[in-house]
Novice: 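A single structure is presented below for examination.
Throughout, protein chains are lettered first and strands after them, A, B, ... in sequence-line order, and every chain is numbered starting at 1.
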Amino acid sequence: MTIYNIYIFDRMGTILYQTNWNRLKQSGMSSEEEAKLMYGMLFSIKSFVSKISPLDPKRGFLCYKTSKYALHYYESLTGVKFILNTDITIKNVRDLLHQLYKEIYVEYVVKNTECEMGQPIESELFKLKLDQFIKQHMKSLQ
Amino acid sequence: MGIYGVYIVSKSGGLIFNYDYTVPKIETEQTFSYPLDLKLSCENNRLLVSFGQRDNIKVGHVLLAINGVPVSGRKLEDGKDAIEMLDDVTNYPLNLKFGRPKMTINEKIFLASMFYPLFAIASQLSPEPRSSGIETLEADTFKLQCFQTLTGVKFMVIADPTHVGLEQLLKKIYEIYADFALKNPFYSLEMPIRCELFDTNLQALLEQADKNGINSI
């Protein structure tokens, strides 16, 4: 099982953080451009899902899979969006993302007075903890 | 288990076929007293709930009937204006029926062509080389399975999230498409599919898949 990369957006669509682990292909554009394209796609998918859904959606879009990777989406009640790209075998990513939100984002970003709302995350501690968290899960799920 | 509908999108991204197999009805009928605790607004010639939720009435639902008389657009079937009726205190208590709006054919065409760029961007943003576009899209209320043929035609089925074996179902739909649409001399490529045999065979396939599970076909 592999985790490729993560994107974190705030509720206005600003990219807060993005990083890669075992990424094999770059998208051929700057990371800034890529984040914009990703947010745009998610925005469209969300609107697509809410319209095409036969029943009233509650959480809406959860994930999609292609032949090579799976994209998992988690949105907190405050509108912070976590996007995790993994390989297609992995399960229960929703729980993992919820845990990541609770244990890493809330602990090291929300409670960090140096981190401003709506600004890219610069905290080294957050980067370190996130890296540890993902690597630990990659190992434990293997 | 449950299949909601099938969409076929041509290689240039236009909707060429749509079939709604089961459309769940979400309707709530309730008696309201003055003043109305929901805010309604008129959009696309329909009265939508724009603010306020109660019981099973959600934002985005449309007003379907007042005192059992169906509402079409802003007017009731007997010619009265719906908004005027709701504003008049003397009419209350009123029995109002709200429901999730059904998709119009225009909205379906719009959504089907919207899937095309999403499919392409998903493949472009892939962290692995040579990835396809979206194959399965999951939400809490449904699952969308997409199958793209070598010629670029996309088959999509929308089903309950617990439904399994949608890939085989799509392959079968492709067979029916090849047999009854492509081999029909009156059918021209990229045009909407209007073939009776295709419709009946597709319907039979969906009924069988829904009743006996996917392995029976």
Novice: If you count heavy atoms of other groups shown closer than 6.0 angstrom to NZ of A:Lys127, is the number above 12?
Specialist: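 Counting other residues, nucleotides and ligands, NZ of A:Lys127 exceeds 12 neighbours.
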
Novice: Please determine whether the number of non-hydrogen atoms from other residues, nucleotides or ligands lying under 6.0 Å from atom CD of A:Glu114 exceeds 12.
Specialist: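 Counting neighbours around CD of A:Glu114, 12 or fewer heavy atoms of other residues, nucleotides or ligands fall under 6.0 Å, so no.
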
Novice: At what distance, to the nearest 0.5 angstrom, does CG of B:Leu144 lie from CD1 of A:Ile52?
Specialist: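 Rounded to the nearest 0.5 Å, the CG-CD1 separation comes to 6.0 Å.
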
Novice: Considering heavy atoms only, which positions within residues 117-142 of chain B lie below 4.5 Å of chain A?
Specialist: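 Residues B:Leu118, B:Ile121, B:Ala122, B:Ser123, B:Gln124, B:Leu125, B:Ser126, B:Pro127, B:Glu128, B:Pro129, B:Arg130, B:Ser131, B:Ser132, B:Gly133, B:Ile134, B:Glu135, B:Thr136, B:Leu137, B:Glu138, B:Ala139, B:Asp140, B:Thr141, B:Phe142 are the ones that qualify, each having a heavy atom under 4.5 Å from chain A.
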
Novice: Please check if atom CZ in A:Phe43 has more than 12 non-hydrogen atoms from other residues, nucleotides or ligands closer than 6.0 Å.
Specialist: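 Result for CZ/A:Phe43: open.
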
Novice: Just checking B:Lys11: does its NZ atom have more than 12 heavy atoms from other residues, nucleotides or ligands closer to it than 6.0 angstrom?
Specialist: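 Not more than 12 within 6.0 Å, no.
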
Novice: Quick one: which of A:Asn20, A:Asp56, A:Val49, A:Leu24 has the most heavy-atom pairs under 4.5 Å with chain B, could you say?
Specialist: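 Ranked by heavy-atom pairs under 4.5 Å with chain B, first place is A:Asp56.
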
Novice: Relative to chain B, which of A:Phe48, A:Phe61, A:Tyr73 shows the most heavy atom pairs under 4.5 Å?
Specialist: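 Most heavy-atom pairs under 4.5 Å with chain B: A:Phe48.
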
Novice: Tell me the residues of residues 44-71 of chain B whose non-hydrogen atoms fall below 4.5 Å from those of chain A, in number order.
Specialist: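 So far as heavy atoms go, B:Lys58, B:His61 are the residues that approach chain A to under 4.5 Å.
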
Novice: Sort out for me which of A:Ser27, A:Ser53, A:Pro57 touches chain B most, counting heavy-atom pairs under 4.5 Å.
Specialist: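 Winner by heavy-atom pair count: A:Ser53.
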
Novice: Relative to chain B, which segment of A:Ser50 carries a heavy atom at a distance below 4.5 Å: side chain, backbone, both, or neither?
Specialist: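 It is the backbone, since no side chain atom gets that close.
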
Novice: Answer with side chain, backbone, both or neither: which region of A:Asn85 has an atom nearer than 4.5 Å to a non-hydrogen atom of chain B?
Specialist: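 Just the side chain, heavy atoms under 4.5 Å.
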
Novice: Has B:Glu43 got more than 12 heavy atoms of other residues, nucleotides or ligands less than 6.0 Å from its CD?
Specialist: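 No, not enclosed.
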
Novice: Tell me, yes or no, whether the heavy-atom count around A:Glu32 atom CD, taken from other residues, nucleotides or ligands under 6.0 Å, exceeds 12.
Specialist: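 Counting neighbours around CD of A:Glu32, 12 or fewer heavy atoms of other residues, nucleotides or ligands fall under 6.0 Å, so no.
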
Novice: Look at atom CE of A:Met117 and say whether more than 12 heavy atoms of other residues, nucleotides or ligands are closer to it than 6.0 Å.
Specialist: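 Not buried by this count: 12 neighbours or fewer within 6.0 Å.
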
